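Let me begin by presenting the structure, written as C-alpha cells, before commenting on it.
Predicted model, so just to flag it, every value in this text is computed and none were measured. Order of the sequence lines fixes the chain letters, A, B, ..., with proteins taken first and strands second; residue numbering starts at 1 for each chain.
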Protein chains: 4
Amino acid sequence: MADRKEEIIQAGIEVFAARGYYNTHIAQIVEKVGIAKGTFYLYFNSKKDLFISLIKRHEKIFLEVFDNYTFDTNNKNLKIFLEEMLLGFFKIYKKHKNLSIIILREAVAVNEEFGDEFKRMEEKRFRRLQDLYKFLIENNYISKDIEFDYFAFAFLGIMESVIMRKLILSEEDFNIEEAADKISDYLNKAIS
Amino acid sequence: MADRKEEIIQAGIEVFAARGYYNTHIAQIVEKVGIAKGTFYLYFNSKKDLFISLIKRHEKIFLEVFDNYTFDTNNKNLKIFLEEMLLGFFKIYKKHKNLSIIILREAVAVNEEFGDEFKRMEEKRFRRLQDLYKFLIENNYISKDIEFDYFAFAFLGIMESVIMRKLILSEEDFNIEEAADKISDYLNKAIS
Amino acid sequence: MADRKEEIIQAGIEVFAARGYYNTHIAQIVEKVGIAKGTFYLYFNSKKDLFISLIKRHEKIFLEVFDNYTFDTNNKNLKIFLEEMLLGFFKIYKKHKNLSIIILREAVAVNEEFGDEFKRMEEKRFRRLQDLYKFLIENNYISKDIEFDYFAFAFLGIMESVIMRKLILSEEDFNIEEAADKISDYLNKAIS
Amino acid sequence: MADRKEEIIQAGIEVFAARGYYNTHIAQIVEKVGIAKGTFYLYFNSKKDLFISLIKRHEKIFLEVFDNYTFDTNNKNLKIFLEEMLLGFFKIYKKHKNLSIIILREAVAVNEEFGDEFKRMEEKRFRRLQDLYKFLIENNYISKDIEFDYFAFAFLGIMESVIMRKLILSEEDFNIEEAADKISDYLNKAIS
DNA sequence: TATGAATGAGACTTCATTCAT
DNA sequence: TATGAATGAAGTCTCATTCAT
C-alpha cells in the first residue's frame, strides 16, 4: 500500500522536525502512525533510508520552484524578478514547513552520515542558481562585477536566514509577501 | 588543575567539530587528552555539560567583537563601517574555526537538548545588533525605512552563509579581507 | 495440490543446501517457488516442519539402498560386496546432492532442534548396518574379532568423509566408481 | 583483566557446545559468567568475534598434537605409529570436549559465516597430514599405491566418526586407549 | 486455496555514566 | 585527583508466523 508508506513519511517528517534526527526513534514514528515496529521495515530499510527519502523529497520540491519559474524579461525589472522567485521559495518553505525545518537543520549537522546526499543536493541547487546568474548577466540585470559566489551567498544566505528565523524559530505568522518585497528590494539595490 | 579542564575543552572542540555532537563519544575525547574516562567526570558533569561550556565560550568570544568595536563616526562611511565589523567577525571565526563549526552546526540542530542555551545566545547577539542598528539610524548611516529585523537577517544571513560555505565546507583558503570588502559593499548599497 | 507441496520441498532443498538452516528464510523459499508467504503455511506448519520433511525424505532414500541390496553370496568376495554397496550409496548421494548436503551438515549442527529426528534416523541406519554386519559374520566374510561399533564407525566414517570432501566441498567432478573401488579395497583389507 | 576474557571464553565454549551457534545468545553467556551484557563487548567485538576466537583456539590445540609428535622410526611399526598419534588426538578431543563439539559441529554447518576461518584451518590440517604421509611413504611404512586423498579421508573420517559418536553423542565413558588400539589396527591393515 | 501486509518478541549492540580502588 | 572495568537502559533491526480478504 503506497498510502502506508506515505503515512510513515508524514509521521517521520513530523517527528524529525520536532526532535531532530538523533533524538527521533523508530518507536516514536511507528507509534504516531499506529503500526508495529516491524511494519516500518517493510517500507524502509532503515531509519537512515527514511531520512534520505525526505532529503530527496525536499530536493525535488525545491528544484521545482526553479523549474516552474519562467525566465523571461517581459516588463520585469530585477526587483520584480527577484521578488517573484523569493515568493516562490517562501511559499514552498511555508507549505512544507516541517520538511524544511528538517533539511535546513540537518543539512549542516549530520553531514557525517548524509554528507553525500546533501552535497548532491547543494550541487544541484548551485547549478540552478548558476543558470539564473547567467540569465541575469546576459540580460543586463546585474553588473558583471558581481561574482557568482557572492551572488549565491547573498541570495541563499538572506533567504535561509529569513526562513530559519521567521518561519522556523518564530511562533508568529510569517508574512511572506512582505518579506519577499523587502528582501528583493535590498538584493536589487545591492547587486544591480 | 585548570589546565586539565582546558585540555578537555580543547579536545572536545576538535572532536565535536570533526564528528558532530551525537557522533562524538566521551571515549574519543578522553583518548585525545590521554586521560581515563572517570577523569572526564571530575571536570564535567556530563557530555552535555562540556558542550554547554563550548557554547558559552563561543558566546563570549563572539560578543567581544562588538565590545572591541568603537562606534564612532570619524571619517567613516557606512561601507567602511560594515567592512571593519565584518572583518572582525571573520577574524574571530577563522581563529576559532573548530568552535565556530560546532556552534553554527549544532545551534540549529540540537535544539531539543540545548534550545535554552542557544536561545539565550541569540538574544544577546540581537541585543548587540540592535545597539548597532540604533547607532546607524541615529547617525543617518541607514534610512529609517530599514526595519531592524531585515537588517539583522541580511547581516547575519550573508555573514553566516559566507562563513559556512567558505570557511567550513570549503577546503581552500578563505580570503577574509576580500570577503569583507565585497559583502560590505553589497550591504552598503542595499541599506544606505 | 500435491505438486505445490513438492515444489516447496524442492525449493527448500535448494535454499537449505545453499545457505544452511538458520540462514535460510521462508521469504527465500517462497520467492523461489513464486508463491506468497501465507501459502507456505497451507502446506507446512512451520519452517521446522518443512525441515523435518527433508530429514524423513533423506532417511527413506538412504534406507532404500539397503533394501535394494540383495544380501547374497554368489560369486562375491568381501571386496566386491562392499564395493557394490558403497557405489549404491555414492550414487544416491550424488543424485540427491543438495539433500545430502543438508543432512550431513545439519545432522550434527542443529541437534538442539532436531535431535529426536536425527537420533531416530541414526538408529534405523545402525539397525540396517547391524543386519549387514551379522550377515558378514555369518558368512565368514569378516572375523569375529571385529566389533560392530568399530565396523560401523569405519564404514560410515570413511564414507561420509569422502562424501563431504569429494562431493560437497569440492568443485571437481567426483568419480564414484574409483572411490568405491579404493575404499572397498581398504575396508576389505582392514576387516577381513 | 585477562581472566575476565578467559571466563567469557569458557562460558562461550559451554553454551555454544550445548546449544549451537545460532541458538546461543549473548544473554546466556553473560549470565553464565555473571556479568552485564555491556561487559561482553569490552572483550569481544561481537558474538562472531568470540566464535572466531574459539576456532583459533581449537586450531592451535589441534595442530600441537602434530607438533608434539616426533616422527622417528625407532622400534616403531606402522600400527604403533598410528596408535600413538590417534591416542594423541583422542586425548586432546577428550580434554577439550566442548570445544571439540563446537568445531566438529559448526565447521560444516555455518560455513556461510565462518567459511574463511574453517577453510584456513582445514588447509593447515591437510598440510600437516601431508607431512605425515610423506614421512610414511619415505620410510616404507605404506605403499606408494595409497593416494594421499584417500589416506587423509580414511584417517580423518574414521577418527572424526569415532569422536563424534563415542565422545560427543554418547553418554558413556569413552575408552580412548581401546579405540586407538583398534582403529590403528584397521588402518594398519588397510594401508600397509 | 491463495495472498501479503502486518505483527511483535527478541536478538545484537552502543555508550554515557558510575564507583571501588 | 585519577583510574578503567563494569553497568544496563535503550536503540535498531529481523523474521517466523498470522489473519483478514
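Contact between the side-chain N/O atoms of A/R4 and the OP1/OP2 oxygens of E/dA5 is not found at any separation under 4.0 Å. Remark: C/T39 is in phosphate contact with E/dT3, judged by side-chain N or O atoms under 4.0 Å from OP1 or OP2.
When distances are taken from the side chain of C/I35 to each of F/dT17, E/dC15, E/dT3, the shortest belongs to E/dT3. Here F/dG4 is the nucleotide among E/dC15, E/dT7, F/dG4 with the atom lying nearest to any side-chain atom of B/K37. Nearest to the side-chain atoms of D/Y41 among the listed nucleotides E/dT3, E/dT13, F/dT12 stands E/dT13.
Summary of the strand contacts: B/K48 and C/G38 both lie near DNA chain E, and taking for each the nucleotide with the nearest heavy atom, the more 5' one is attributed to C/G38. Each of A/K47 and B/F40 lies near DNA chain F, and the nucleotide nearest B/F40 is the one positioned closer to the 5' end. Residue A/G34 is the one, among D/T24 and A/G34, whose nearest nucleotide of DNA chain E lies closer to the 5' end (criterion: closest heavy atom).
The same atom, P, is picked in E/dT1 and in F/dT21; the two are 22 Å apart, to the nearest Å.
Between A/R19 and B/E113, none of the side-chain N atoms (NZ, or NE/NH1/NH2) sits under 4.0 Å from a carboxylate O, so this pair counts as no salt bridge.
Using cut-offs of 30° and 60° on the angle between ring planes, the pair B/F51 and B/F114 is tilted.
Separating the CG atom of C/D49 from the P atom of F/dA16 is a distance of 14 Å, rounded to the nearest angstrom. Across the protein-nucleic acid pair, D/H25 atom NE2 and F/dC13 atom P stand 20 Å apart, rounded to whole Å.
With a 4.5 Å cut-off on side-chain heavy atoms, D/F16 and D/K47 count as touching.
The base-pairing partner of E/dA2, taking Watson-Crick or G-U wobble contacts with both distances under 3.5 Å, is F/dT21.
D/E106 places a side-chain N or O within donor-acceptor distance of the main-chain N or O of D/Y21, the cut-off being under 3.5 Å.
Among the protein residues, C/L42 comes within range of the nucleic acid bases, having at least one heavy atom under 4.0 Å from a base atom.
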